[in-house]
Number of protein chains: 2
Amino acid sequence: MGVKERKERDKLEMRDKILQSAHKLFLEKGFDQISLRSIAEAIEYSPATIYLYFKDKNEIFHALHQQGFGMLNQAFQPLTQIANPFERLKEMGKAYIQFATTNPEVYDLLFIRTEPMEHLATCLDDQWTEGDRAFDVLLQTVKGCQQQGYFVGLDTQNMSMVIWSFIHGLCALGISKHISHVKEARDNQMVIDEIMNNTYDTFKAMLERLKS
Amino acid sequence: MGVKERKERDKLEMRDKILQSAHKLFLEKGFDQISLRSIAEAIEYSPATIYLYFKDKNEIFHALHQQGFGMLNQAFQPLTQIANPFERLKEMGKAYIQFATTNPEVYDLLFIRTEPMEHLATCLDDQWTEGDRAFDVLLQTVKGCQQQGYFVGLDTQNMSMVIWSFIHGLCALGISKHISHVKEARDNQMVIDEIMNNTYDTFKAMLERLKS
DNA sequence: ATTTAAAACTGAACACCGTTTATTAATTTT
DNA sequence: AAAATTAATAAACGGTGTTCAGTTTTAAAT
């Protein structure tokens, strides 16, 4: 009777087991240190077995990608409470940076690595729904700010892109070890965080001045 | 007599030959499609030979990294002619975006990939001189802008970081195929360029407003 | 000119990687 | 109990970066 159902459950369980192991290895060793073989070993199955549940490695990473977006959305959840759009915008940036610095590998997967995007492009149903949704949240917030006199005369979409570009650029540089110039010190994570915070504070100060 | 000198010349020539082949393959096939074996084949030597001239693959990429900075500096060369710092700043951004979109693989190597930075970290003499220098150019330009009434009251270094973060973020998103939301269209390079230009125009408009 | 020392180069191997296929083992259906 | 279906795997394929014991080429010394 319920044998078919059980099999489906088993299938999903196995998928999940694979993903969990992948996620764990991913956090421990970073993106390009994970191999199908290491995942297979972790779940105590042969490497070939994984191919019964996933088309290829990219599909696994795409699944992790979606999972990562779940984490990001969760981090953004509390912000919906903030009624004032400009305050919300500022807190969004803070939360975004916080997310990126505490989950650098995940951020890398979500916004820097091209593999998940490339896999997406092969999916026929080619669209980055998670990305679209997240960007729309930003868009609405910016629109709210404009209704309160910020950024007037500037296109909402372009302004949102400016903000996203800045925040992403800051996080990307921070994560990828490309901030070393700013002489204060080198390679010390504490210091990099400090630079990122200072930079973000300055950006906020800029935005403040754009109120008419 | 001059045999030692000739040998040294030969050694450098070989290094250069390897680098040239690497650079060519790099432009043709992209970063992670280059293998030492393909480089070896291109120069018609055995893979093992390469290890007589480079410690490992990362050292090759670090050399390409430096070479890429040479290209970037060259692209920035004409800008020194522009006396007005704010005009120069705006053209710098334009040139930077131009460079990134026409040489995406090089940009990727210079500012996104972590491998060259990681190799650098193992170099004892650990410092990113090329990066430092380029950032200093930006810093001086921002300082010039401030002397003309722009961004007053904002820290020069932080302001420079804001600008670099924005431009880098824009380029990184453009290159890495993460711009697809902005609904106008999908995956069309023309459109991505357009979005980048619009975003940059908006950023410039923002900066314009920050004159006291 | 011949031997010797050194430098340049390479074939073959090692330990990995993602992926495919033929085969075996387990389970469900008949 | 037999047949059919499903699940799992061992083994192989073609690829990767890297190492090292040898060979070949070159220069120096005799």
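Reckoned from all heavy atoms, side chains included, excluding hydrogens, waters and symmetry mates. In the text below, chain A, chain B and the rest are named by the order of the sequence lines, each starting its count at 1.
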Tell me which nucleotide among [options] gets nearest to the side chain of [X].
{"X": "B:L52", "options": "C:dG11, D:dT9, C:dA8", "value": "C:dA8"}
{"X": "B:S35", "options": "D:dT9, C:dT19, D:dT16", "value": "D:dT16"}
{"X": "A:A48", "options": "C:dT21, D:dT18, C:dT10", "value": "C:dT21"}

Electrostatic pair [X]-[Y], nearest N-O below 4.0 angstrom:
{"X": "A:K204", "Y": "A:D201", "answer": "yes"}
{"X": "A:D32", "Y": "A:R113", "answer": "yes"}
{"X": "A:E87", "Y": "A:K90", "answer": "yes"}

Original post:
Quick one: is C:dT21 close enough that its OP1 or OP2 comes under 4.0 Å of any side-chain N or O from A:Y51?
Top reply: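 A:Y51 to C:dT21 OP1/OP2: no side-chain N or O under 4.0 Å.
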
**OP:** Considering just the side-chain nitrogens and oxygens of B:S46, establish if one lies under 4.0 Å of OP1 or OP2 belonging to C:dC9.
**Re:**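 Answer no for this pair, as no side-chain N or O of B:S46 is under 4.0 Å from OP1 or OP2.
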
**OP:** Could you tell me which non-hydrogen atom of A:L138 sits nearest to which non-hydrogen atom of A:S160, and how far apart they are?
**Re:**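 Closest heavy-atom pair between A:L138 and A:S160: CD2-O, 3.4 Å.
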
Just to be sure I understand the rule, does [X] reach a base, reach only the sugar-phosphate, or reach nothing, if contact means heavy atoms closer than 4.0 Å?
{"X": "B:F54", "result": "nothing"}
{"X": "B:I34", "result": "sugar-phosphate"}
{"X": "B:Y45", "result": "sugar-phosphate"}

Original post:
Starting at NZ of A:K57 and ending at P of C:dT20, how long is that distance when rounded to a whole Å?
Top reply: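 Going from NZ in A:K57 over to P in C:dT20 covers 14 Å.
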
Subject >> Rounded distance (Å) that lies between atom P of D:dG17 and atom CD1 of B:I50 >> reply: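 Whole-Å distance recorded here is 9 Å.
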
**OP:** Please confirm whether any donor atom in the side chain of B:R37 sits under 3.5 Å from an acceptor in the base of D:dG15, or the reverse.
**Re:**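 Looking at the base of D:dG15, it does not pair with any donor or acceptor on the side chain of B:R37 (distance under 3.5 Å).
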
